[in-house]
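Report on the structure given below.
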Amino acid sequence: MNNPVQPMDGSVPREHAASPVRSPRIATLDDLREHLQWAIELEHATLPPYLCALYSLDAERNPEAAELVAGVFVEEMLHLALAANLLNAVGGRPRLDTPRMLPPHPRRLPHADPSLELSLLPFGPEALDMFLRLEQPAPPGAPPEGDAYETIGQFYAAVEDGLRDLCDRLGEPAVFTGDPARQVHAGHFWHTAGRLVEVADLASALTALREIVEEGEGASGGAVWDGDRDVHHPERDAVAHYYRFQELRSGRRYRRGDTPRSGPTGEAIAVDPAGVLPMRRDPRLADNAPGSAIRTAQEEFDQTYCTVLNLLELAFDGSPRLLAVATATMYRLKSQAQALMRMPDGEGATAGPAFTYVPPELRRWSTDGRQRIVVLPDGPYLVDGKVPLRRKRKIVSAEGDALTWHTGETIATEDTYALCRCGRSGAKPFCDGTHARIGFDGTESADVRPYRELQHVHDGVGISAQRVGELCIHAAFCIGRTRPIAAMLADTGDSDVRSNIMGRIDHCPSGSYTYALRRGGESIEPDLPRAVSVLEEEDGLAGALWVTGGVPVQRADGRPLETRNRVTLCRCGRSAGKPLCDGTHRKIDFREDGTGRSGPADGGSATEKGRRS
């Protein structure tokens, strides 16, 4: 039998009611969808407290504690994804980018018994007591509770009962009506030894529910182990969340033969209290004046966290590839949170993240269905609004002269998708989160002044050529077989020469060259569709991302690039003028399959500035 949590402050443990009253059952599909949305809110509510405890730990001085808490956090992310798969499978739509996800702390676990209260705390005895109460196994014989639940296991038992009952009464096809394409799977989430189950029927739904409960409470109704292998130590069996926190409280690991009653009797776990940042309890934005260093850092953290919420909602709402982008964005949270936790905040405490919801209209960006491209900080290009993605291959002569572009296959995408910017994704042209693991530095340095302020003008007869050299990607359409455009302008009295120049400028992907019929006249642009094209140059060289048709591009700092008919974005990770391409892919022989000589991006393009989360 599971022992109740013995609080570390010596208070009397909370007992389960002797004659519990069953909560109202899940009787309709709408009831089921509502409870599965509650499950998403429940799983998300655990993340801020776990992150605060995790980020307060010095991983070098407390490696075992940091590893144990990190493992729990990652599995809670898995549970969030499983809850979303369950809701999608029954025809619901997961919602995460909403103010109710981030009420002020302390807060109650959504729809739970009032005793399940959550605070933002540094790692320590009080945080461990809170986590033990949160992960407490349901007592034997405890009834399912769909609302005001006393343990998370009882809540999920109510969901299971509702699922079984609806399938019995309506039939599985009437219950599982969701689009299978909305399911996230293991290929989207590689951070855990747990199973990310794709839900399509009652059997897979029950497997997903069992994964959530067993990772929290243990397998087989009272076992210490959760049935998986330890993600950090594959040679070990994984301990369920509740018992991991028992390990940290007692200072010992569980080993084979240990039971919930015996407690852990294995090797010692050392915790160095001096290796914990003394974060102030339940930080609030209002605690610090607007413009102060702490307030500004908290607001930056909140911007990033709401980016994560938005990406998670997109991932669970039809763009499952974005799950990898969302989890990779969390690497940025770590550095921001730890910077806060090193800022003195009076009375021997330090500051911490407030986890305050930022409305979409106050963010640097948020998705709204408009066609545009947003550069994520040190991350990929997020393409919103169903912008078509296709391939284009440069056609060259036998002598290697650039002739034209051939439009190839259309690449299947989700409504919102992310394109690799670091050059190291294993799923090019899409982002797979590698930028976070390699510590990609995507600092932007492209000049944001308008084209007309930067252009140099060269006149000919009946044509005025304009050029901005900083935009050139060296596609070589401006170089004729015998001479460049600049030299050809002298002969533009010949209409064939003039037409040749116009055609070459029309093929310039970056729009480095443009032309008008007279100096100061309106530029004449080719009629290009609103699209993103993945360029392939001669001999299989991987080129830029060619953005056409006036699709807006927004920098990571919120400033827009000038909206133009032609823009080329770097995708090798090495441009000196990010996010724009500067032709460096040619120097490093950049290839989609990684067979070129480019090697790891460095020299200001990728550093090891945050490799471990």
Can you tell if the side chain of [X] reaches within under 4.5 Å of the side chain of [Y], non-hydrogen atoms only?
{"X": "Thr46", "Y": "Val72", "value": "no"}
{"X": "Gln336", "Y": "Pro353", "value": "no"}
{"X": "Pro106", "Y": "Leu118", "value": "no"}
{"X": "Pro380", "Y": "His435", "value": "yes"}
{"X": "Pro264", "Y": "Arg253", "value": "no"}

For a quick test of reading the model, state the closest non-hydrogen atom pair linking [X] to [Y] and the distance between them.
{"X": "Ile40", "Y": "Pro94", "value": "CD1-CB, 3.6 Å"}
{"X": "Leu109", "Y": "Ala45", "value": "CD1-CB, 3.9 Å"}
{"X": "Asp384", "Y": "Asp368", "value": "OD2-N, 3.2 Å"}
{"X": "Gly379", "Y": "Arg421", "value": "O-NE, 2.6 Å"}
{"X": "Ala315", "Y": "Val184", "value": "O-CG1, 4.0 Å"}
{"X": "Phe430", "Y": "Ser425", "value": "O-OG, 2.6 Å"}

Is any NZ, NE, NH1 or NH2 atom of the basic residue among [X] and [Y] found under 4.0 Å from an Asp or Glu carboxylate oxygen of the other?
{"X": "Lys386", "Y": "Glu414", "answer": "no"}
{"X": "Glu160", "Y": "Arg210", "answer": "no"}
{"X": "Glu117", "Y": "Arg107", "answer": "no"}

With rounding to the nearest 0.5 angstrom, report the [atom1] to [atom2] distance, [X] to [Y].
{"X": "Leu87", "Y": "Arg33", "atom1": "CG", "atom2": "CZ", "value": "8.5 Å"}
{"X": "Thr356", "Y": "Leu285", "atom1": "OG1", "atom2": "CG", "value": "3.5 Å"}
{"X": "Arg364", "Y": "Leu376", "atom1": "CZ", "atom2": "CG", "value": "12.0 Å"}

Check your understanding: Hey, mind stepping through Phe316 and Leu323 against side chain to side chain contact (heavy atoms under 4.5 Å, CB included) and telling me if it holds?
Key -> CA-CA 8 Å; Phe316 299 143; Leu323 183 57; 4.1 Å; yes

Review point. Counting only heavy atoms not in Glu60, do more than 12 fall under 6.0 Å of its CD?
Key: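 For Glu60, atom CD is not crowded (no more than 12 foreign heavy atoms under 6.0 Å).
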
Do the two ring centres, one from [X] and one from [Y], sit under 6.0 Å apart?
{"X": "Phe123", "Y": "Phe245", "value": "no"}
{"X": "His44", "Y": "His79", "value": "no"}
{"X": "Phe131", "Y": "Tyr50", "value": "yes"}

Practice item. Output, in order, the C-alpha distance, side-chain angles, deciding distance and verdict of side chain to side chain contact (heavy atoms under 4.5 Å, CB included) for Arg244 and Glu75. Key: CA-CA 13 Å; Arg244 290 184 213 181; Glu75 287 171 0; 2.8 Å; yes

Review point. Is the NZ or CZ atom of Arg363 both under 6.0 Å from the centre of the six-membered ring of Tyr357 and within 45° of that ring's axis?
Key: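 Positive - Arg363 is close enough to the ring of Tyr357 and near enough to its axis.
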
Practice item. Let me see the working for Tyr305 and Leu309 under side chain to side chain contact (heavy atoms under 4.5 Å, CB included), right down to the final yes or no. Key: CA-CA 6 Å; Tyr305 195 81; Leu309 288 182; 4.0 Å; yes

Exercise for review: Just do the side chain to side chain contact (heavy atoms under 4.5 Å, CB included) check on Tyr254 and Gln246 with the steps written out, would you?
Suggested key: CA-CA 9 Å; Tyr254 278 95; Gln246 290 278 26; 3.9 Å; yes

